[in-house]
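The residues of the chain are indexed from 1 along the displayed sequence.
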Amino acid sequence: MEWKRHTSHAPLRSLTAEQAEELFAKVDNSGHTNAREAENQRQRRKRLGHGVAVDPLSADDPSGSNVGTTISRASIILATFVVVAIVAVFAYSSNALSANTANLSNNVNVLTVAAALNDGVEWGNGFTQFPSDFSVKEADQNTGRIEVSVVDVTSPNALGCFSNAQIQAAALAVNSLLNPHIDTVIYHVNVRRDEQGNIQRSSLFGFLRPTGEVSPFMTFIWTKNTTSDGQVRFNCTITGVDEDLQDTLRKQIVSQTTNQELVEEVTTTYEQH
């Protein structure tokens, strides 16, 4: 026996005015016909961390009309946070520099010298930074000596390396020699060279570092002594500058045109005498 189920599709009927009024009379301001169920759903979303759905029938914020105000408030809070963070970083950097300078003037050891090389020291109206690749060979108030070594990978040529190293050595040495227990500061400067002997430098904002061999460039030796009349003298000796480096520096300091003018002037003066 074969059974068949017959279904009939009754036509959909629209609500009459009275039925619609009766339905909407049961709807609360959450858009739900069951106030208790609506409250349970809101509490569940709040507990599970879900955002509250837009409430089209809410008298307080229909259709999320306060979204713009909320975004503006969040933007102001974010901007304020960024400004405060920047000010805090500058304040921390300033305090760190002051602390490093004070540490070198009052207490010299491997840790204080390494901190000064890592963070920089106050010098002039600002502060001086050092190459990130460095080593502290000696820092002892008992021997009165500080000896460090750095590798410069930011200077474009010999003149730039000489200029930067001179400032760095002076900043470290003078701050250290203000310590009554320190009388000698040795600052070794090294560079990386390619196969042709040219100085290599970092590229791509410092992300690509040179891989050439480390080669000695020059050494700054700062000493302090007291004369018989109580005057304190600071002396700086630069070693490691051979004739080739001296010639390279001279060419980079003075242009070829100026060099030619100087040669002609010296030659003319010599012939006249």
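Side chains of Thr112 and Asn107: no donor on one and acceptor on the other come within 3.5 Å. Ser155 and Asn157 share no donor-acceptor pair across their side chains, judged by distance under 3.5 Å alone. For the residue pair Gln231/Thr226, the side-chain donor-acceptor check at 3.5 Å is not satisfied.
The closest side-chain heavy-atom distance from Asp247 to Asp244 is not below 4.5 Å. With a 4.5 Å cut-off on side-chain heavy atoms, Cys161 and Val191 count as touching. You'll find the side chain of Glu147 reaches within 4.5 Å of the side chain of His188, heavy atoms only. Looking at heavy atoms from C-beta onward, Cys236 lies in side-chain contact with Ile238 at the 4.5 angstrom threshold. Within the 4.5 Å cutoff, side-chain heavy atoms of Trp222 are placed close to those of Phe234. Side-chain contact between Thr143 and Glu138 is present, with heavy atoms from C-beta onward closer than 4.5 Å. Taking the side chain as every heavy atom from C-beta outward, Asn118 and Phe134 approach each other to under 4.5 Å. Between Asp140 and Asn109, every side-chain heavy-atom pair lies at or beyond the 4.5 Å cut-off.
In this structure, Arg192 and Gly212 approach most closely via the heavy-atom pair NH1-O, 2.6 Å. Contact record, Gln252 with Ala158: OE1-N, 3.7 Å, taken as the closest heavy-atom pair.
Distance OG1/Thr223 to CZ/Arg145: 11.5 Å, rounded to 0.5 Å. Here the CG-CG distance, from Asp183 to Asn225, works out to 9.0 Å after rounding to the nearest 0.5 Å. Between Thr219 atom OG1 and Ile186 atom CD1 the span is 8.0 Å, to the nearest 0.5 Å. Expressed to the nearest 0.5 Å, how far CD of Glu213 lies from CD of Gln200 amounts to 10.5 Å. The NE2 atom of His181 lies 12.0 Å from the OG atom of Ser105; values are rounded to the nearest 0.5 Å. Between the OG1 atom in Thr184 and the NZ atom in Lys224 there is a gap of 9.0 Å [rounded to 0.5 Å].
By the criterion of side-chain heavy atoms lying less than 4.5 angstrom apart, applied directly or through intervening Ile, Leu, Val, Met, Phe, Trp or Tyr residues, Val113 is not grouped with Leu178; the two fall into different hydrophobic clusters. Both Val241 and Val189 belong to a common hydrophobic cluster when Ile, Leu, Val, Met, Phe, Trp and Tyr are linked at side-chain heavy-atom distances under 4.5 angstrom. Leu117 and Leu111 fall into different hydrophobic clusters, where Ile, Leu, Val, Met, Phe, Trp and Tyr are joined by side-chain heavy atoms under 4.5 Å apart, directly or via other members. Under the 4.5 Å side-chain heavy-atom criterion for Ile, Leu, Val, Met, Phe, Trp and Tyr, Phe130 and Val136 are members of the same hydrophobic cluster. Linking Ile, Leu, Val, Met, Phe, Trp and Tyr whenever their side-chain heavy atoms come within less than 4.5 Å puts Val110 and Ile182 in one cluster.
No side-chain donor-acceptor contact under 3.5 Å links Asn198 to the backbone of Asp194. Remark: the backbone N or O of Val148 is not paired with any side-chain donor or acceptor of Lys137 at under 3.5 angstrom. Between the side chain of Thr80 and the backbone N or O of Ile76, at least one donor-acceptor pair lies under 3.5 Å. A distance-only check finds no donor-acceptor pair linking the side chain of Gln129 to the backbone of Gly120 [under 3.5 Å].
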Next item on the list: Take Arg201 and Asp152 through the side-chain contact (heavy atoms from CB on, under 4.5 Å) test and state the conclusion after the steps.
Entry: CA-CA 8 Å; Arg201 63 182 300 192; Asp152 186 350; over 6 Å; no

message = Please evaluate residues Val185 and Leu177 with respect to the criterion side-chain contact (heavy atoms from CB on, under 4.5 Å), reporting the C-alpha separation (whole Å), side-chain torsions for both, the decisive distance (0.1 Å), and the verdict.
response = CA-CA 8 Å; Val185 177; Leu177 293 174; 4.0 Å; yes

Please walk me through it: do Trp123 and Leu172 pass side-chain contact (heavy atoms from CB on, under 4.5 Å)? CA-CA 9 Å; Trp123 186 243; Leu172 178 67; over 6 Å; no

(Q) Under the criterion side chain to side chain donor-acceptor pair (under 3.5 Å), I'd like the reasoning laid out for Ser149 against Asn190: C-alpha separation, chi angles, the key distance, then a yes or no. (A) CA-CA 7 Å; Ser149 179; Asn190 304 290; 2.8 Å; yes

Problem - Stepwise side chain to side chain donor-acceptor pair (under 3.5 Å) test for Gln141 and Asn179 - result: CA-CA 9 Å; Gln141 292 187 166; Asn179 187 315; 3.0 Å; yes

Inset, instruction - For the pair Ile221 and Tyr187, evaluate side-chain contact (heavy atoms from CB on, under 4.5 Å) and give the outcome as yes or no after the intermediate values. - result: CA-CA 6 Å; Ile221 304 174; Tyr187 190 82; over 6 Å; no

